Amino acid sequence: MLIQVIVAGALGLFLVVTLMPSWIKYLERLDYGQIVRSQGPKRHQAKAGTPTMGGVVIVAAAVIAMLLVAGLATDILLSSSLMLGYALIGLGDDWRKTAKKRSLGLKAREKLFFQIALAALLGAWLYGDGQLKTDVAFPFLGLRQLGLGYIALVALMVVSTANAVNLTDGLDGLAAGLVLVALLAFFVIAWEQRSKITIFIAATAGSCLGFLCFNKHPARVFMGDTGSLSLGAALASAAVFTKTEMLLIIIGGVFVLETLSTILQVLSFRLTGTRIFRMSPLHHHFELLGWSEPVVVRRFWCGGIVAAGLGLAIWYYLMA
């Protein structure tokens with residue numbers, strides 16, 4: 001399987017690096033550029049017009065790589081289908097923003113409905129198939145059998161992770177780098193388990209690495225919701241198929257903090273009229289404290305590496 005994993009990762013990387021320049025030119029011709037919200041940091045106004053929807057190439061490269069290498073293996077097919085489904089939701093959102101020049105795309109309830117539906121379908125299939133156990137390992141608490149509740153857990157994991165990655169995708173290279181780090185942690189776990197999901201993880205990680213070549217500061221292209229929602233779904237899939245559902249909270253710790261900062265900011269403002277952070281999500285708070293964008297990204301990447309390392313340490317401790 002080592003050769004398959006290497007080929008999947010290398011192919012994902014190669015396809016993104018090869019296809020992205022032409023895709024960027026195509027987006028520029030269509031004038032499908034980023035619409036920057038006026039409420040964001042002022043320095044981000046310079047990003048307006050940068051091509052978005054780079055996630056189309058990320059997802060296409062990852063799916064092509066994993067299917068060419070692994071064929072129609074069940075885990076790969078389910079994970080790639082979920083990734084594609086979330087990419088289509090994001091694509092619809094991105095298209096409304098760019099083609100119609102609106103800062104907001106699909107209505108929130110529309111996006112949420114389709115996300116929950118797709119994630120619940122995955123949970124229902126896993127529950128009904130029976131090949132993947134529906135008990136969940138809670139760190140230091142042991143296994144808990146959830147039964148039908150497993151469907152709800154999978155739906156919650158996928159939807160929350162997809163939207164957490166979407167929230168985090170606000171700085172050049174931030175979301176792609178953090179997803180790459182988290183995927184590498186799940187890759188180690190999957191490799192130890194000798195699971196075929198390693199091919200899915202390798203292909204997706206390779207695509208993320210290739211995308212960083214174009215998304216590092218100053219970014220030539222953004223992934224858009226097409227990329228952020230699909231990569232979040234892919235990350236959740238990695239946790240589901242390695243049976244490390246609860247470790248996703250730790251390995252994806254930076255995504256959790258970004259989401260919590262937004263929730264706390266909204267609650268604080270609605271209840272007290274005051275803000276906890278200068279701006280949410282959290283990465284904007286540090287920008288407004290005077291940190292440069294590359295500094296924020298590098299430090300958040302370091303936080304992601306620490307979180308992934310902690311998650312792996314817990315997993316090895318529990319497995320020993």
Side-chain angles (χ1 to χ4, degrees), residues 53-67 70 72-97 104-132 134 136 146-169 175 179 182-183 186 196-197 199-201 203-204 207-208 223-246 248-249 252 255 259:
M53 290 197 283
V56 170
V57 176
I58 299 175
V59 174
V63 171
I64 290 171
M66 67 183 79
L67 292 180
L72 298 179
T74 302
D75 291 2
I76 305 295
L77 191 58
L78 288 171
S79 300
S80 58
S81 296
L82 183 71
M83 190 179 185
L84 275 171
Y86 270 67
L88 289 174
I89 296 170
L91 184 61
D93 192 55
D94 287 336
W95 183 81
R96 285 198 183 182
K97 291 176 184 175
L104 297 175
L106 293 173
K107 294 179 181 178
R109 63 175 178 269
E110 293 175 333
K111 292 170 67 176
L112 192 59
F113 171 78
F114 289 117
Q115 289 177 41
I116 292 174
L118 285 174
L121 280 173
L122 174 65
W125 193 95
L126 294 174
Y127 176 80
D129 181 67
Q131 292 186 22
L132 193 70
T134 58
V136 175
L146 299 185
L148 281 171
Y150 189 72
I151 300 173
L153 176 65
V154 171
L156 178 63
M157 284 178 57
V158 176
V159 172
S160 59
T161 306
N163 286 282
V165 175
N166 183 247
L167 278 174
T168 305
D169 184 32
V179 169
L183 283 174
F186 283 112
K196 270 207 166 185
I197 204 67
I199 297 170
F200 170 82
I201 297 172
T204 308
S207 296
C208 283
M223 69 171 68
D225 283 15
T226 310
S228 59
L229 292 180
S230 58
L231 288 177
L235 194 55
S237 291
V240 167
F241 284 101
T242 54
K243 294 302 299 171
T244 53
E245 294 92 347
M246 294 298 105
L248 178 59
I249 299 171
F255 297 120
T259 304

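All values below were derived from every heavy atom in this structure, side-chain atoms included, with hydrogens, water molecules and symmetry-related copies excluded. Starting from 1, each residue takes its place in the sequence as its number. For clarity, every value in this text was computed on a predicted model and none was experimentally measured.
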Do side-chain atoms of Asn163 reach the backbone of Val159 as a donor and acceptor pair under 3.5 angstrom? yes
Under 3.5 Å, side chain of Asp94 to main-chain N/O of Met53, donor-acceptor pair present? no
Contact summary for Val240 and Met157, nearest pair of heavy atoms: CG2-CE, 3.7 Å
I want to check something: taking the side chain as every heavy atom from C-beta on, are Tyr150 and Glu245 in contact at a cut-off of under 4.5 Å? yes
What one should report as the nearest heavy-atom pair of Ala119 and Ala155 is CB-CA, 3.6 Å
Nearest 0.5 angstrom please: Thr244 OG1 to Ile249 CD1, how far? 11.0 Å
Could you give me the CA-CA distance, side-chain angles and deciding distance for Ile197 and Phe186, then say whether side chain to side chain contact (heavy atoms under 4.5 Å, CB included) is met? CA-CA 10 Å; Ile197 204 67; Phe186 283 112; over 6 Å; no
When you compare the side chain of Leu91 with that of Asp225, does any pair of heavy atoms fall below 4.5 Å? no
When rounded to the nearest 0.5 angstrom, what distance separates CD1 in Ile151 from CG in Leu121? 10.0 Å
What do the steps show when you test Phe255 against Leu167 for side chain to side chain contact (heavy atoms under 4.5 Å, CB included), and what is the final call? CA-CA 8 Å; Phe255 297 120; Leu167 278 174; over 6 Å; no
Hey, does Thr259 have a side-chain heavy atom less than 4.5 Å from the side chain of Ser160? no
Between Thr161 and Val158, is there a donor-acceptor pair closer than 3.5 Å when you use the side chain of the first and the backbone of the second? no
Taking atom CZ of Phe200 and atom CG of Leu82, what is their separation to the nearest 0.5 Å? 7.5 Å
Looking at side-chain heavy atoms only, is the closest gap between Thr226 and Trp95 below 4.5 Å? no
So, do Leu229 and Val165 sit near enough that their side-chain heavy atoms are less than 4.5 Å apart? no
May I ask you to test the Leu231-Met83 pair for a side-chain heavy-atom distance under 4.5 Å? yes
Once rounded to the nearest 0.5 Å, what's the spacing between atom CD1 of Ile89 and atom CG of Leu118? 5.0 Å
Using a 4.5 Å cut-off on heavy atoms from C-beta on, say whether the side chain of Ile58 contacts that of Ser230. no
Heavy-atom donor-acceptor pair, Ser207 side chain to Ala62 backbone, under 3.5 Å: yes
Atom CD1 in Ile64, atom OG in Ser80: separation rounded to 0.5 Å? 11.5 Å
When you compare the side chain of Val59 with that of Tyr86, does any pair of heavy atoms fall below 4.5 Å? no
If you round to the nearest 0.5 Å, how far is CD1 of Ile201 from CZ of Phe241? 10.5 Å
